[in-house]
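See below for the structure under consideration.
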Amino acid sequence: MTGMRGALIPMKELADAKMRLADVLDRDARAELALAMLTDVIEACRASARFDVTAVVSSDSEVFWHARGLGAKPLAEPAT
């Protein structure tokens with residue numbers, strides 16, 4: 001029996017994404033960049049055909065909707 005292979009992609013809340021770029025990009029631009037990068041990663045994982053499931057772990061509902069729209073499974077980040 002072989003196991004299931006999954007890609008697990010962690011994603012910060014969009015409000016906290018790409019903070020090192022805060023001097024040159026406002027919050028909306030950083031969020032847009034983060035979602036574009038997430039899109040690239042999800043699409044690469046799915047196109048590789050190496051994973052049975054691609055999942056995104058986050059606490060951000062906008063990230064969940066975006067991931068779901070790309071065919072990835074959103075997983076709620078556990079509270080700490």
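Sequential numbering from 1 along the given sequence is applied to the chain's residues.
- The structure places CG of Asp16 at 9.0 Å from CZ of Arg27, a figure rounded to the nearest 0.5 Å.
- Note: the hydrophobic cluster containing Leu21 also contains Met37 (ILVMFWY, side chain heavy atoms under 4.5 Å, direct or indirect links).
- The CD1 atom of Ile9 sits 6.0 Å away from atom OG1 of Thr54, with the distance rounded to the nearest 0.5 Å.
- Applying side chain to side chain contact (heavy atoms under 4.5 Å, CB included) to Val56 and the options Leu8, Leu75, Val63 leaves one that passes, Val63.
- The structure places CD of Glu77 at 8.5 Å from CZ of Phe64, a figure rounded to the nearest 0.5 Å.
- Residues Leu14 and Val41 are members of one and the same hydrophobic cluster, defined by side-chain heavy-atom contacts under 4.5 angstrom among Ile, Leu, Val, Met, Phe, Trp and Tyr.
- Nearest heavy atoms, Leu38 versus His66: CD2-CD2, 4.1 Å.
- Taking all atoms of both residues into account, the shortest heavy-atom contact from Lys18 to Ala34 is CG-CB, 4.5 Å.
- A donor-acceptor pair under 3.5 Å is absent between the side-chain atoms of Arg5 and the main chain of Asp52, judged by distance alone.
- The shortest heavy-atom contact between Gly6 and Phe51 is C-CD2, 3.6 Å.
- The backbone N or O of Gly71 lies less than 3.5 Å from a partner atom in the side chain of Arg46, making a donor-acceptor pair.
- Linking Ile, Leu, Val, Met, Phe, Trp and Tyr residues whenever their side-chain heavy atoms come within less than 4.5 Å leaves Met19 and Val24 in two separate clusters.
- Note: Glu32 CD to Asp26 CG = 9.5 Å, rounded to the nearest 0.5 Å.
- Contact between Ser59 and Glu13 at its shortest, heavy atoms only, is OG-OE2, 3.1 Å.
- A pairwise comparison of heavy atoms in Arg30 and Ala15 identifies NH2-O, 4.1 Å as the closest pair.
- Separation of atoms CG (Leu33) and CG (Asp28) is listed at 12.5 Å; rounding is to 0.5 Å.
- The main-chain N or O of Met11 is found under 3.5 Å from a side-chain atom of Ser58 such that the two form a donor-acceptor pair.
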